[in-house]
Protein chains: 2
Amino acid sequence: MKLNEGVEWALHTCLNLGWIEESGEAAPTARLAAFYDLPPAYLNKQLQALVRAGILSSTPGPRGGFRLARQLEDITVLDVVVAIEGRAPAFACNQILHQGPGADPRTDYREACVIAQTMSRAELAWRQVLASETLADIRGRVLEVSPRAPDATREWFRNVRR
Amino acid sequence: MKLNEGVEWALHTCLNLGWIEESGEAAPTARLAAFYDLPPAYLNKQLQALVRAGILSSTPGPRGGFRLARQLEDITVLDVVVAIEGRAPAFACNQILHQGPGADPRTDYREACVIAQTMSRAELAWRQVLASETLADIRGRVLEVSPRAPDATREWFRNVRR
């Protein structure tokens with residue numbers, strides 16, 4: 001079990017867009033990727049997924065790029081994880097009980113199987129933590145531990161601007 | 001993010017070994033696999049992982065096979081998941097902050113990064129649910145909803161015995 005590394009990229013990039021959005025400019029993939037030395041084409045794939053999820057908006061053209069489509073207060077960590085990973089649960093119950101002797105073909109063992117129920121409860125606990133935290137909460141805690149982060153980020157993006 | 005399907009096989013197989021252990025016999029891979037029509041070689045790989053984790057014991061030879069190495073009371077769902085999946089967290093923080101401007105090379109961002117902290121809290125919540133449930137708990141709930149499961153399982157294993 002392993003989350004797509006794009007989840008890490010997407011979360012950090014959304015935060016960075018939060019810092020730089022005050023400039024009023026959109027940030028193109030090349031710059032967002034260069035900030036962490038990430039492969040631009042692969043980062044762009046993640047950013048497009050965030051656009052489809054309504055988390056970012058993208059503007060085409062030479063001065064185009066990505067912006068937050070919602071306030072950080074309105075984006076939970078789970079929103080970003082689901083945008084990148086999809087909605088499928090980590091424990092994909094294959095209902096092997098259907099292959100067992102005495103199986104009832106009409107039963108949906110994803111719901112009826114006691115093991116599947118436990119795995120679902122665990123997954124729900126995981127999702128609840130991620131849903132209870134917005135990117136604004138994260139921003140607030142970053143400001144506590146790294147008060148220079150917003151200025152440093154904005155400065156970097158200003159300087160690489162052409 | 002997707003759990004290995006072997007997790008489902010391993011959990012169900014441990015429960016089945018719990019039902020049939022009263023016979024005092026070990027169950028070979030071929031029979032355990034046939035119960036759910038699973039590929040024997042691949043199931044065997046999962047069973048060997050359970051042996052390495054001290055959850056099952058295996059006996060070689062014509063009357064050999066697998067037995068529970070501990071009581072179901074002493075096996076949590078998390079024990080089985082970790083035996084199959086390993087201990088690595090689902091969110092593998094790659095510390096991309098190290099590549100960012102102003103990064104401190106001495107900082108371990110898996111601990112210092114606010115995003116990594118949130119992902120870790122979620123993972124902990126997931127593990128806590130799985131650790132709070134033993135296979136004996138699961139057995140108890142199976143008995144409530146499927147009181148015939150133990151007898152039916154034992155009967156099946158008795159009949160395929162040669």
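Naming: A, B, ... by sequence-line order, numbering from 1 per chain.
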Counting only heavy atoms not in [X], do more than 12 sit closer than 6.0 Å to its [atom1] atom?
X	atom1	value
Gln71(B)	CD	no
Arg121(A)	CZ	yes
Glu73(B)	CD	yes

As a quick check of understanding, evaluate side chain to side chain contact (heavy atoms under 4.5 Å, CB included) for Val129(A) and Met119(B), giving each step before the final call. CA-CA 8 Å; Val129(A) 171; Met119(B) 300 307 287; over 6 Å; no
Heavy-atom cut-off 4.5 Å, strictly under: side chain, backbone, both or neither for [X] against chain B?
X	answer
Leu135(A)	neither
Ala152(A)	neither
Gln117(A)	side chain

[options]: which one forms the most heavy-atom pairs within less than 4.5 Å of chain A?
options	result
Ala88(B), Ala90(B), Ala112(B), Cys93(B)	Ala90(B)
Leu11(B), Ile84(B), Val77(B)	Leu11(B)
Gln128(B), Glu155(B), Glu144(B), Gln99(B)	Gln99(B)

Would a single hydrophobic cluster contain both Leu124(A) and Trp126(A), if residues Ile, Leu, Val, Met, Phe, Trp and Tyr are joined by side-chain heavy-atom contacts under 4.5 Å?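 Result: no, two separate clusters.
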Pairwise distance [atom1]([X]) to [atom2]([Y]) - rounded to 0.5 angstrom:
X	Y	atom1	atom2	result
Glu123(A)	Leu130(B)	CD	CG	10.0 Å
Tyr36(B)	Leu97(A)	OH	CG	5.0 Å
Cys113(B)	Ile138(A)	SG	CD1	8.0 Å

Could you walk me through whether Ile115(B) and Leu15(A) pass side chain to side chain contact (heavy atoms under 4.5 Å, CB included), step by step? CA-CA 10 Å; Ile115(B) 288 172; Leu15(A) 267 195; 4.1 Å; yes
Using atom types as modelled and distance alone, determine if a side-chain donor or acceptor of Glu8(A) lies under 3.5 Å from a backbone N or O of Ile96(B).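 Yes; judged by distance alone, with no hydrogens or angles, the pair exists.
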Chain B interface, residue from [options] that has the most non-hydrogen pairs under 4.5 Å:
options	answer
Arg148(A), Glu133(A), Glu85(A)	Glu133(A)
Ala34(A), Ala92(A), Gly100(A), Pro101(A)	Pro101(A)
Arg127(A), Glu5(A), His12(A)	His12(A)

Partner of Val114(A) by side-chain contact (heavy atoms from CB on, under 4.5 Å), out of Asp137(B), Leu143(B), Val142(B):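 Only one option passes, and that is Val142(B).
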Considering only heavy atoms, which portion of Asn4(B) lies under 4.5 Å from any heavy atom of chain A: side chain, backbone, both, or neither?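 Interface part for Asn4(B): neither.
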Apply the test side chain to side chain contact (heavy atoms under 4.5 Å, CB included) to residues Thr118(B) and Arg141(A): give CA-CA distance (whole Å), side-chain angles for both, the deciding distance (0.1 Å), then the verdict. CA-CA 11 Å; Thr118(B) 295; Arg141(A) 286 195 283 131; 3.2 Å; yes
